[in-house]
Every structure is written in C-alpha cells, then in structure tokens.
Q: 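Handing you this structure, nothing more for now.
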Amino acid sequence: MTKEIDADMIKCEDFFKILKDNNLTFFTGIPDSTFKEWMKFIIEKDPELLRNIVACNECEAIAIATGYHLATKKFGIVYLQNSGLGKTVNPLTSLCDREVYSIPILMMIGWRGEPGTKDAPQHKKMGKITLSLLDTLQIPYKILEPDIKLIQTHVSEAISYLKEKKGPFALIIKPNLFQKYSDSEIAENSYEINREDAITFLMENLTSEGIIISSTGHLSRELYEYREEREKDHYKSFYNIGSMGCASSIGLGIALQKPNKRIVVFDGDGAAIMQFGTFSTVGKYNPMNFVQIIFNNNTHESTGGQPTNSDSVDFCQVALASNYKFAYLVNTLTELGEVIPEVKTGDGPILIVINIRRGTKVELKRPNRNPEEYKEDFIKYLAESKEE
Ligand SMILES: Cc1ncc(C[n+]2csc(CCOP(=O)(O)OP(=O)(O)O)c2C)c(N)n1
C-alpha cells in the first residue's frame, strides 16, 4: 500500500512534531497497512520519545487510552484500521461518550474501502459507512490530506474539542499519507520454518478431505495461493478474509455441528490474541474433532510486521488451562511431522503452535471470486464430503 517518497506525502517526523507540540505522546491500538510507515516510526521511537502500547484489540485500546487519561488528564491516541471501528463502538458509547464519562481520546483511523477506490471485499461495507458511523456516534472527524499546515490546523481543532467537549475525536488516514520512514522491517525473527513451508507441509500431510478455516491476512492468501496453484479446491477452505480473530470460533461452530469431520483452523498469533476468550469457549464445549494451528511469527505481518504480544504468551499453557486435550509447540518441520498423526486422528481440542519466520511473497494473490460463491461451494462440500 505504501508508495515510495513522494512530495504528495507527509513525513512521519513532521506529523509527530505536531502531536508532540500538543502533548500527544501516548499511543495504543492495532496496526493498519494504511499507516504502516507511521507504525515504523512510533515503534522505533518507543519508549524514548513516546509510549506505544500494543493492544490485543481496538476495544481494549480505547479502554487503555481511557485509563491513561484518568491517570494523567492527558489525551491518548488510539490507532486502528476502520475494520476495527466496530469493536470500539461499545466503549465509545458506554464509556467515553459525552453522555457517560466523557473521555477525550484522539483516534487515528485507517480508511480502507473508501468509496471509489479499489479494495478487498471485506473492506467495502465498513469503507462505505465509516464516516456515517462516526456521525452516528457523534464523533467529529477530519480527513487528513498530505498538507502539513492543514494537518496542523486539524490537530489544533481536535485538541480544542478534546479540551472543551471532552469526547473522542477522529483523524481519518487514507493510504499513502505517510512517506516511507525506513527500509527496515519492523520485527525480525530467526525461526526456521516460513509460513509457506509450513502450509505446504501441512497440506501435503493432512487428509485430502480436511476442512480448513483460515485466518485474516496473509495466511488465507497463502493458503488460497497453495490451492490455486494445484487442485483449485478452494471449496475445502473457508477463507476468513475479514473479522480478524474469528477463524477459531467459525471452526468451533462447524465442529460442534459436524462431529464426524475433522475441522482444522489456521490461525495467526495476532488474531488468536485479538479474541483470546475463544480458547475458553473451545475448551468448555470440547469438540473432539477440532484442531487449531497458530502460525506464530510474533507479528501482525499482514499490516507491515508490527509486533504482537505473543512473545510473552505461552499459547500451549493457555489452551491446556482452558481444557484443550493436547497442545504442542513446534519449531522445525521434523517436529511438525511428529505431531501430524495427532492432528489427523488425536482427540481434540488440539492446539499446535508453529513458530514461523517472518516473510511473505511479494505478490500474493487474493481470492478473486465473490465471497458468497466461495461460501456456497464450502457449504456444499461440508454437506457432501465423506465423514471421517
Ligand atoms: C478488527 C480488525 N483489526 C485490524 C485488522 C487489520 N489486520 C488485518 S490482518 C492483521 C494482522 C494479523 O496478524 P496475525 O494474526 O498475527 O497474522 P499475520 O498477519 O502475522 O499472518 C491486521 C491487524 C482487521 N482486519 N480487523
């Protein structure tokens, strides 16, 4: 999404200066590729020049910024992709709203799916309703154009509103607002397996009937590409292209209805953390046919490689403590091979965590048909495929 240096873009340093001059140095949220370069900046400058708290979801980020305000009287910035705006509706209306506690927060919202622009189907509806949703929430906003003087004026207006009206205010960020900040990737890691190898290995070793629910972002796109380059058997997958964090819940819903079919969820670490509570639901309802595989690269790679909090999470312990039957962490393809029999026939719920190296092909395909067509094919396959 990011263009090279361009006069029509602003420098991260210039934007930060405006914020800093207004005493805005506290950030929390979930990243978006719309402001990938800005994320590089705040991650690099944390904690010397500013504070950046990596949240698990956008709802939590609003609450963290609320706590920051209660403790300091200052204003926190919550950054998010507009797909996460829905998650903020609850705390915005029942915590921060001017009819409740009146909490001033500055939101930076990445605008995917802006009407008239080309974007993936999962962004269309939210792209269309982002501004009207803010209107409904009575949250004033400014759309930032690449004009630093104008941005300065908008931030001043926002600050006046935060001070006087004491409610949330939003800055809308379109793709390519920020100039390239640096060439460096945000979070390197040295794991042995990359995502593509892990997918290939799993696909070659799981039963050909296997039903796979895959998570948002590169994971679904790489699985799509795997199938597209071979059998084109997309009907065996449900690509959860939007609703980040919901893949394992979709898998649970299917597994409970189809107890004789093996349901395998390909999950991301950021996605699993976003809906952490799902571990408890899976554990409680305990489907024997449910397998969750977390591709753990410790990052939100799909939005530019910003760190998740998974480096301080032991997913296996969480799963076991939530009543999963087995949980394994694998670091090599050999270790992955050793757990394949369990994945294929062991009693679930099972969790496999694969530590994977960062990195994705430059040109990843996306599912290119109407999502509803994939859904119909998947429903048909689910109904007709043989029981295991
Ligand atoms: C509610 C919501 N917030 C943010 C996003 C933007 N987004 C899409 S993919 C992604 C990163 C997913 O991270 P992870 O699950 O770790 O998978 P990876 O990208 O590393 O494969 C994010 C933040 C989104 N789609 N939905």
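Whatever order the structure lists them in is the order used to number ligands and atoms, beginning at 1. No hydrogens, no waters, no symmetry mates; every other heavy atom, side chains included, goes into these values. Numbers here are sequence positions counted from 1.
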Q: Going by the angle between their ring planes, with limits at 30° and 60°, are Phe75 and His69 parallel, tilted or perpendicular?
A: parallel
Q: Could you name the protein residues that come within less than 4.0 Å of ligand 1, counting only heavy atoms, and order them by chain and residue number?
A: Ile30, Pro31, Glu58, Gln81, Ser83, Gly84, Arg195, Thr216, Met244, Gly268, Asp269, Gly270, Ala271, Met274, Asn297, Thr299, His300, Glu301, Ser302, Thr303
Q: Would a line drawn from the ring center of Phe169 to the ring center of Tyr141 be shorter than 6.0 Å?
A: no
Q: Tell me whether the rings of Phe27 and Trp38 are parallel (<30°), tilted (30 to 60°) or perpendicular (>60°).
A: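 Aromatic pair Phe27/Trp38 classed perpendicular.
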Q: The criterion is side-chain hydrogen bond (donor to acceptor under 3.5 Å, both in side chains); which residues satisfy it with Ser83, sequence neighbours excluded?
A: Gln81
Q: Could you check Tyr181, Phe35, Phe178 and say which one makes a ring pair (Phe, Tyr, Trp, His ring centres under 6.0 Å) with Phe15?
A: Phe178
Q: Would you kindly say whether Asn355 and Asn296 are connected by a side-chain donor-acceptor distance under 3.5 Å?
A: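 Judged by distance alone, the side chains do pair up.
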